[in-house]
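Sequential numbering from 1 along the given sequence is applied to the chain's residues.
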Amino acid sequence: MRFAVKNVCAGGAKTRAGLLQIGNSSVETPALLLSTRKGLPAFMSRDLLSSLPLPDSLLLNVCPTHFIEGPPSKTLSNIGGLHCMLGLPDHILVATAGEPIESLPSSEASNKFGASFETPAGRKLVKPSDYMELISCMKPNLWASLADEVPAWVNEKRNKTSVDRTLRWLDACIALDAAAGGNSLGVVVGGSSIEQRKLCATEVSKRNVSGFWIGGFGLGESVEERCNLLNAVTDSLPSEKPRIVSRLGLPEEVLEGVASGIDLFDSTYIYQLTMGGFALIFPVDMIEREMQNSVFNSSAGDSVKINLRATTYRKDTSRIVESCSCFTCQNHTRAYLNHLLNVHEMLAQILLEIHNTHHYLRFFRSIREAIKIGEFDLFWKQFVENRRSHIAAAVL
């Protein structure tokens, strides 16, 4: 694995654009890790995945705990790992222990022996040895060690315990993986404690890891706490290795993370939108921002998304987004999506996930372009102002 920072915003800012190279595949950062269920997005087959923009869609987040009950580890290994099983030899698979929908870790049930996860097969205590057996069979390009993630409201003692356990499990995972020589990601936790976050980041940086997975966010912290914690962590990490953050998926959260120096985002935002019947419509570049006001309907959404279940779209023959080049927008209308959603046809989720994924990948591409030309701060400011103006208009 190779990672290089290509552009850094002027004036001492942490915002950066980089290039991640693994094998024959290269992806520019900041970038999105697509959430998957056993290796593929929830509603997309392998052939539909290939319709997404490349190389932006090459990054897939996989959760080892999804594979605890099957297929058997030995079978997965004999196939040649996940790349071979899925038929995706050029995709970059990033394995992380917890997945924010079905496999949330439980801080109460975890102990010094391992982390406790709610899995499709019930709650399981996963030890480092069990976890690394899954990793060795899956053969992902990058993998994050086990982590003891805690919510924001726990006390300082519990935050310290979280850091101690995570560091112990990281050392155990690295030792078990020494023979394979995989690309490991050191996990940074510490709850809402800036001191423990800094300590964990500093200690993880001393280990032989290829990058960093920053966990424990989206568990009750305020926006102000999140910004302070992110900045404290990135200030304590070396700049030459990639940084992945978990559970920050809203556009505003992504922009905050990019401003703090985050390179990759592990999020289930697209999945949650799709399940709710929402379609992303926010403008992804500055030209679109000036055009959006004329097509926005505040009664069935906001400046970011629209609810296609709403009756206002029953006779709407326009595309979800006129300028979008995805399969859904090129072939179907809002009225058709409204019909599919209201008759509970699974095709609705397939078409929505295609659009939402395509749209969000375009958003990340616009972020990278803004960084390269030194206009990220303007891009961020315009996005926030556009959002606030629509909220104010809806209230009035």
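At least one donor-acceptor pair under 3.5 Å links the side chain of Ser366 to the backbone N or O of Val284. Checked by atom type and distance alone, the side chain of Asn141 pairs as donor or acceptor with a backbone atom of Leu93 at under 3.5 Å. Between the side chain of Ser246 and the backbone N or O of Gly215 there is no donor-acceptor pair closer than 3.5 Å. No donor-acceptor pair closer than 3.5 Å links the side chain of Asp148 to the backbone N or O of Val163. No donor-acceptor pair closer than 3.5 Å links the side chain of Arg226 to the backbone N or O of Phe217.
Linking Ile, Leu, Val, Met, Phe, Trp and Tyr whenever their side-chain heavy atoms come within less than 4.5 Å puts Phe278 and Phe43 in one cluster. Val154 and Leu199 fall into different hydrophobic clusters, where Ile, Leu, Val, Met, Phe, Trp and Tyr side chains are chained together by heavy-atom contacts under 4.5 Å. A single hydrophobic cluster is not seen to contain both Leu19 and Leu361; linkage of ILVMFWY side chains at heavy-atom distances under 4.5 Å, directly or through other members, places them apart. Taking hydrophobic clusters as Ile, Leu, Val, Met, Phe, Trp and Tyr residues chained together by side-chain heavy-atom distances below 4.5 Å, Val62 shares a cluster with Leu49. Tyr131 and Phe113 fall into different hydrophobic clusters, defined by Ile, Leu, Val, Met, Phe, Trp and Tyr side-chain heavy atoms under 4.5 Å apart, directly or through other members.
At most 12 heavy atoms of other shown residues, nucleotides or ligands fall within 6.0 angstrom of atom NZ in Lys6. The local environment of CD in Glu224 is sparse, with at most 12 non-hydrogen atoms from other residues, nucleotides or ligands closer than 6.0 Å. Within 6.0 Å of atom NZ in Lys160, 12 or fewer heavy atoms from other residues, nucleotides or ligands are found, so the atom counts as exposed in its surroundings. No more than 12 heavy atoms of other residues, nucleotides or ligands sit less than 6.0 Å from atom NZ of Lys127.
Counting heavy atoms from C-beta outward, Ile174 and Val209 have side chains that approach closer than 4.5 Å. In this structure, Thr65 and Ile68 have side chains that are in contact, with non-hydrogen atoms separated by less than 4.5 Å. Side chains of Val150 and Asn159 form a contact here, defined as non-hydrogen atoms less than 4.5 Å apart. Side chains of Leu167 and Val204 form a contact here, defined as non-hydrogen atoms less than 4.5 Å apart. Residues Glu375 and Glu369 have side chains not in contact (no heavy-atom distance under 4.5 Å, counting atoms from C-beta outward). At least one side-chain heavy atom of Leu255 sits less than 4.5 Å from a side-chain heavy atom of Phe376. Residues Phe3 and Thr29 meet the side-chain proximity criterion, which asks for heavy atoms closer than 4.5 Å. The shortest side-chain heavy-atom distance between Met132 and Ser145 does not fall under the 4.5 Å cut-off.
Only one option out of Val189, Ile244, Leu264 pairs with Trp213 in a side-chain contact (heavy atoms from CB on, under 4.5 Å); it is Ile244.
In this structure Phe212 satisfies the ring-ring contact (aromatic ring centres under 6.0 Å, His included) test with no other residue, sequence neighbours excluded. Shown here are the ring-ring contact (aromatic ring centres under 6.0 Å, His included) partners of His355, two or more places apart in sequence or in another chain: His359. With sequence neighbours excluded, the residues that form a side chain to side chain contact (heavy atoms under 4.5 Å, CB included) with Asn155 are Lys157, Arg158. For the side chain to side chain contact (heavy atoms under 4.5 Å, CB included) test, residues two or more places apart in sequence or in another chain that qualify with Phe327 are Asn331, His332, Leu351, Ile354. Every residue two or more places apart in sequence or in another chain that forms a side chain to side chain contact (heavy atoms under 4.5 Å, CB included) with Glu252 is listed here: Leu250, Phe383, Arg387. Every ring-ring contact (aromatic ring centres under 6.0 Å, His included) that Tyr269 has, sequence neighbours left out, goes to Tyr360. Residues forming a side chain to side chain contact (heavy atoms under 4.5 Å, CB included) with Lys74 (at least two apart in sequence, or on another chain): Asn78.
Summarising the geometry of Ile214 relative to Leu237, their closest heavy-atom pair is CD1-CD1, 4.3 Å, with the distance given to 0.1 Å. A pairwise comparison of heavy atoms in Arg247 and Gly216 identifies NH1-N, 4.0 Å as the closest pair. In plain terms, the two heavy atoms of Leu248 and Val254 that are nearest each other are O-CG2, 4.0 Å. Heavy-atom minimum distance, Ser236 versus Ala232: OG-O, 3.0 Å. Contact detail for Pro53 and His358: the closest heavy-atom pair is CD-CD2, 3.4 Å.
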Checking Glu156 against Ser193 for the side-chain hydrogen bond (donor to acceptor under 3.5 Å, both in side chains) test, could you report, in this order, the C-alpha distance in whole Å, the side-chain angles of both residues, the deciding distance, and whether it holds? CA-CA 7 Å; Glu156 186 71 11; Ser193 170; 3.0 Å; yes
Please step through side-chain hydrogen bond (donor to acceptor under 3.5 Å, both in side chains) for the pair Thr96 and Asn61, ending with a clear verdict. CA-CA 7 Å; Thr96 57; Asn61 174 237; 2.9 Å; yes
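Note on residues 306-317: pairs passing salt bridge (Lys or Arg N to Asp or Glu O under 4.0 Å), not counting sequence neighbours, are Asp316-Arg334. Residues in residues 227-256 take part in no ring pair (Phe, Tyr, Trp, His ring centres under 6.0 Å) pair, two or more places apart or across chains. Listed by first then second residue, pairs satisfying side-chain hydrogen bond (donor to acceptor under 3.5 Å, both in side chains) with a partner in residues 48-57 read Asp56-Arg365, Asp56-Arg368, not counting sequence neighbours. Residue pairs satisfying the side-chain hydrogen bond (donor to acceptor under 3.5 Å, both in side chains) criterion with at least one member in residues 198-207, sequence neighbours excluded, are listed as follows: Asp171-Arg207, Glu203-Lys206, Glu203-Arg207. Among residues at least two apart or in separate chains, there is no salt bridge (Lys or Arg N to Asp or Glu O under 4.0 Å) pair with a member in residues 43-53.
With salt bridges taken as basic N to acidic carboxylate O contacts below 4.0 Å, none links Asp377 and Lys381.
With hydrogens and angles left out, the side-chain atoms of Lys14 and Asn231 include a donor and acceptor closer than 3.5 Å.
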